[in-house]
*Asks:* 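This is the structure I want to talk about, given as structure tokens.
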Amino acid sequence: MSRTPLDTVEHAAATPDVELPWAELGLKKDEYERVVEILGRRPTGAELAMYSVMWSEHCSYKSSKVHLRQFGEKAPQSDALLVGIGENAGVVDVGQGYAVTFKVESHNHPSYVEPYQGAATGVGGIVRDIIAMGARPVAVVDPLRFGAADHPDTKRVLPGVVAGIGGYGNCLGLPNIGGEVVFDACYQGNPLVNAGAIGVMRHEDIHLAKASGAGNKVILYGARTGGDGIGGASILASETFDDAKPSKRPAVQVGDPFQEKLLIECTLEAFAEKLVVGIQDLGAAGLSCATSELASNGSGGMRVTLDDVPLRDSTLSPEEILMSESQERMCAVVEPDKVERFLEICDKWDVIATVIGEVTDGDRLEIFWHGGKIVDVDPRTVAHDGPVYERPYARPDWQDALQADDAGKLPRPATSEELRDQVLKLVASPNQASKKWITSQYDHFVQGNTVLAQPEDSGMIRVDEESGLGVAIATDGNGRYAKLDPYTGAQLALAEAYRNVATTGAKPLAVSDCLNFGSPEDPAVMWQFAEAVRGLADGCLQLGTPVTGGNVSLYNQTGEAAIHPTPVVAVLGVIDDVARRTPVAFQEEGQLIYLLGDTREEFGGSAWSQVVHDHLGGLPPRVDLERERLLAEILISASRDGMIDSAHDLSDGGLVQAVVESALLGGKGARLIVPDGLDAFTLLFSESAGRAIVAVPRSEEVRFNDMCGARGLPATRIGVVDGDTVEIQGEFTLTLAELREAHENTIPSLLA
Amino acid sequence: MARVVVDVMLKPEILDPQGQAVQRALPRLGFEGISDVRQGKRFELEVDGPVDEAALARIHDLAESFLANTVIEDFTVKVEEGAEVAGAAK
Amino acid sequence: MARVVVDVMLKPEILDPQGQAVQRALPRLGFEGISDVRQGKRFELEVDGPVDEAALARIHDLAESFLANTVIEDFTVKVEEGAEVAGAAK
Amino acid sequence: MTARIGVVTFPGSLDDRDTQRAIRIAGAEPVALWHKDKDLKQVDAVVLCGGFSYGDYLRAGAIARFSPVMEPLIDQARAGLPVLGICNGFQILTEAHLLPGAMLGNDHLHFICRDQKLRVENAETSWTTDYSAGQEIHIPLKNMDGRYVADDYTLDQLEAEGRVAFRYVDFNPNGSLRDIAGITNEAGNVVGLMPHPEHAVESLIGTGRTDGLPFFTSILKKLVTA
Ligand SMILES: Nc1ncnc2c1ncn2[C@@H]1O[C@H](COP(=O)(O)OP(=O)(O)O)[C@@H](O)[C@H]1O
Ligand SMILES: [Mg+2]
């Protein structure tokens, strides 16, 4: 209910002494004073609502901004980059006139509170970012992290999250083509639910979030606005600011994927008819964000009449309407003579659409309610001039001891028997086990363009039916590596995603990331963050893959205990003809298995050290990005020229994990010989980076060897595809049936 | 043997896409005069033995901790063909 | 304005895996003495104007043709805080 | 002259473009039909495709069944128009009583996406003549509400009349009674099934098999030779 008198701009100017609940809304004293200074008076309740949400950590990136700048400063020269950081999502040229947009975002905290809806609305949000760029969404991915697999709460959170991601994505008609599932006690209480989406468009269809052209109309369309996710704003809705009683507003947002599917279709139809000047999705901070960003990115100002916003709950106050995070809403800027057609399209799709304002030739964002002006601000000060913190950071004092606790000193299997048991234990461990129970809850086939989906190294989508042009995406992160060394850990995540894309035959082009960390107010966490960003930015520069956008999720911690620093990296690649893609599964008996790259004694942060010794210490594997680039070139050439029939990158779990996966997927075994200079244990379990296995038809062996030799990539023949066992000569033999049982039963027996 | 019914409905302030989909379909079916539809869940529990205060209290706990998600849902517990017993949950 | 409630339950002979999942979870939650659980749907309709016989008959039709699929489901219609009006559909 | 096959788009339909592509690959002409139009544009056959029409919020297919386009479709299907319901389309056909029985939630309560093995039990319907009876095929399956149920009398009748068109083999993915994956009406012109033949028409895509293509070539042959 609105206060009497309405807290208009005039009223605010006339009542400078009214105390506003800025602290309750999460603003610091100096931030509030800055608002007063910007406005030259106290803010109205509505203005305070806008500044407080837009200047929150989530919207303003106030703790992370100073570090994220490196992504721009160190951005590699890339002809492929069409739209970089700062827009809803980055856009990359993939050739033949096509552009691809992609991004990863987090929905961590909401998914802990209400796993199904939290995860579902996470998918909804990232997909709206993609639509807002002008693209048709074509796929989603979902990197997920949970507490210990056998913890009772994991049984609550994981099935709900998976059902929510599936429930939303399946209903939208988006194939789920990749992701991760990682279990670690450090995520207990702070599961990480990251969601990524890819969209495809023609170059000329790229749209940006800006409102230009005085007289153009601002149209809000999609779901009605309810009291979702308002949180602190309810204080502003009380009769007087000081007599604040918490009003009954839901903290959890419920998603409606059906509504979002209609939003996709009607938005794309409006794009196709060139009806849209600028567009913005409504996500965090709802209308506050959409109006201030549209206005500040455009050339003029904007005038909005809040009374015209369609409401689900008629008791909402203007402040609440501005802060509401109701899902499935978009905001478009449309020229006056095209408004009618725009509304017709919305009507065709049964989508509610309302003109709520217009672009003005001033430079102010003005918002009216019941005839009074309740907001009059420079939109740039809301959207872009938020506080920037140089938070103190310091290498934690425990880091040295952690790194000194070398995993190389852990006892190794003494007998072949023990080695065999550890292999079985590894492939059955929750992190290495098959995730089929989870991924079979996702539609991989819808849209009819899925070339590769899980459990392949990267997901791959055909973009053009005629030419076979396709895009690939892989997401990776390893919190254990990053905990040991955040700089290297971030680069290893990048290297792994890059390698996964190349393993399927696609050329890596660009990067998006989701940076999940603990509290930035802890200097140790802030150091992890700073190091990870530096590592990622340096790595992207070296690999020539620009960061096009991403997301930061901080405060993932319970009390003093932060999660492992967890930078999740998504790499997007392009392939000229999807007919040349390389699958993981062994295809034919008799093909030769080659190990590409160097294998060193590297066990720090390894799956083996975790599964067998419950140990985390030492240094993560070394990174050599030049080697990664060379490996990628070889994998891509080999796929293009038909020299290999399957390939699998080596990462956590090492070579044995990869061989077992390729064997089980293909239903064909392998006979391996330990090459000179290596022992069986190191061959099987080392996690040295920059490696892959490939299966080479005998007829291609000479050509393949020549290529590797000429370009200086170590390629070692380690065995042959054969039979229905995995045999390590002189050590042990495991049948595919045994391996399958170990690999595939773990997750269902924990969760089903 | 007695039957206890637990009705679980989304809280009024929470979006109910299911109820809305039904409501929007009504005019097409020629139904008018229904201004709102909400869709929830109904659980019918067959209880062995008498449904006394203690049993009801246990079912109330069950509803609160398991059948309903009280972050977004309210519930009521009643004995069928008996008086309404436990009220809406907070 | 009155509220009419339509309860829709699977026919007894149709397998109800949702109800069974609840029932199977009960021992884990420390609940005993519940011999069967069935899960159905509850619709709350807000009706403009009086809920007379004619209005109820129309809602009965709505339930029969739309809210329930009578191949697999039974339903009941009742006015809230009133007497139970229409019986179960065959 | 080739056959014109309509594909209805309801709000929430997902596989409409994919189905059109499959029709094109088979050599027929896809015609887009819109749920709000009581007009079948004189097509020779119709496919009701997969998706979550109206969010499947009440019951799968329950709201779509009352769409304007269903009026002429129900009439003409009764009069012999070939109609194929895939997944959500099958659900709509049962809700519209063009096919007997009903679809319920999977018995394991999860969405399931897998490459499913089926046996073609009836190779004489309008949509299955390019198969042979008893042939085993792999078709992607992906749904939440795939459990086919009907009373024993109906099931016995379906079996007796050879109207069980497809059965799940090796693994029943949803608890469907008698492993039923798809059925036909008495005349053989209306067929519904849960798996998605339109996602098994290109060797590079999805599971890489083309076992679904005969659905579309069967109907094409029937229509051009008719
Ligand atoms: N939550 C998930 N959603 C979709 N796909 C997943 C998910 N988790 C794992 N996958 C898929 O399973 C496969 C194996 O995962 P992972 O072992 O993490 O791959 P890698 O080690 O190659 O990054 C990959 O294809 C990955 O995309
Ligand atoms: Mg991989």
Side-chain angles (χ1 to χ4, degrees), chain A residues 136 159 162-177 255-266 347-351 436-454 460-462 465 468 470 577-581 583 585 748 751-752, chain D residues 9-22 24-25 34-37 49-58 60 63-64 67 87-88 106 108-116 139-145 173 195-209 212:
Chain A
R136 174 175 286 280
V162 168
I165 288 172
Y168 206 101
N170 296 338
C171 189
L172 280 189
L174 295 179
N176 184 311
I177 59 168
D256 180 355
F258 169 60
Q259 176 72 244
E260 180 128 324
K261 167 69 177 163
L262 301 183
L263 269 189
I264 295 177
E265 296 304 332
C266 83
D347 183 56
K348 169 182 168 188
W349 288 99
D350 301 321
V351 168
K436 197 149 108 191
W437 185 84
I438 291 164
T439 59
S440 69
Q441 297 184 47
Y442 304 146
D443 187 344
H444 313 142
F445 300 117
V446 64
Q447 295 198 8
N449 285 312
T450 306
V451 180
L452 298 175
Q454 49 286 76
M460 189 180 286
I461 294 288
R462 178 176 63 183
E465 279 181 50
D577 183 357
V578 294
R580 302 250 59 107
R581 86 270 176 271
L751 297 169
Chain D
T9 299
F10 297 98
S13 289
L14 302 180
D15 301 311
D16 44 352
R17 276 182 300 271
D18 316 20
T19 304
Q20 290 173 17
R21 182 196 291 126
R24 217 178 300 120
I25 289 173
W34 182 239
H35 70 112
K36 285 181 186 170
D37 296 337
C49 65
F52 291 78
S53 55
Y54 294 94
D56 274 359
Y57 282 139
L58 175 58
I63 300 180
S67 294
C87 194
N88 199 227
N106 297 337
H108 46 78
L109 302 175
H110 297 294
F111 188 94
I112 186 165
C113 175
R114 70 191 304 270
D115 193 11
Q116 176 69 45
I139 305 275
L141 174 88
K142 51 192 187 82
N143 62 63
M144 189 74 213
D145 298 306
H196 287 258
E198 83 284 13
H199 286 139
V201 296
E202 292 182 273
S203 59
L204 268 179
I205 298 297
T207 60
R209 300 182 206 252

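So you know, we letter chains A, B, ... as the sequences are listed, proteins then strands, and number each from 1. Side chains are part of it too, since the values below use all heavy atoms of this structure and drop only hydrogens, waters and symmetry mates. All values derive from a computational prediction rather than experimental measurement.
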*Asks:* Need one label for Leu172(A): side chain, backbone, both or neither, based on atoms under 4.5 Å from any heavy atom in chain D.
*Replies:* backbone
*Asks:* Can you find a heavy atom in the side chain of His196(D) that is under 4.5 Å from one in the side chain of Phe445(A)?
*Replies:* no
*Asks:* Look at Leu452(A), Asn449(A), Val451(A) and state which one has the largest set of heavy-atom pairs under 4.5 Å with chain D.
*Replies:* Asn449(A)
*Asks:* Taking all non-hydrogen atoms of both residues, which atom of Gln447(A) and which atom of Asp18(D) are closest, and how far apart?
*Replies:* N-OD2, 2.7 Å
*Asks:* Measure Thr207(D) against the heavy atoms of chain A and call it side chain, backbone, both or neither at under 4.5 Å.
*Replies:* both
*Asks:* Look at the aromatic rings of His110(D) and Trp437(A) and report parallel, tilted or perpendicular, splitting at 30° and 60°.
*Replies:* perpendicular
*Asks:* Given that the side chain runs from C-beta out, which part of Glu198(D) has a heavy atom under 4.5 Å from chain A: side chain, backbone, both or neither?
*Replies:* neither
*Asks:* Which pair of non-hydrogen atoms, one from Phe52(D) and one from Asn170(A), has the smallest distance, and what is that distance?
*Replies:* CE1-O, 3.4 Å
*Asks:* Should Phe258(A) and Pro11(D) count as side-chain neighbours, where that means a heavy-atom distance under 4.5 Å?
*Replies:* yes
*Asks:* Measuring from Ile205(D):CD1 to Arg462(A):CZ, what's the distance to the nearest 0.5 Å?
*Replies:* 4.0 Å
*Asks:* Under a 3.5 Å threshold, yes or no: a donor from one side chain and an acceptor from the other, between Tyr54(D) and Asp350(A)?
*Replies:* no
*Asks:* Closest heavy-atom contact between Gly55(D) and Cys171(A)?
*Replies:* CA-SG, 4.5 Å
*Asks:* Could you tell me which of Glu265(A), Arg581(A), Lys348(A), His444(A) has the largest number of non-hydrogen atom pairs under 4.5 Å with chain D?
*Replies:* Lys348(A)
*Asks:* Considering only heavy atoms, which portion of Ala163(A) lies under 4.5 Å from any heavy atom of chain D: side chain, backbone, both, or neither?
*Replies:* neither
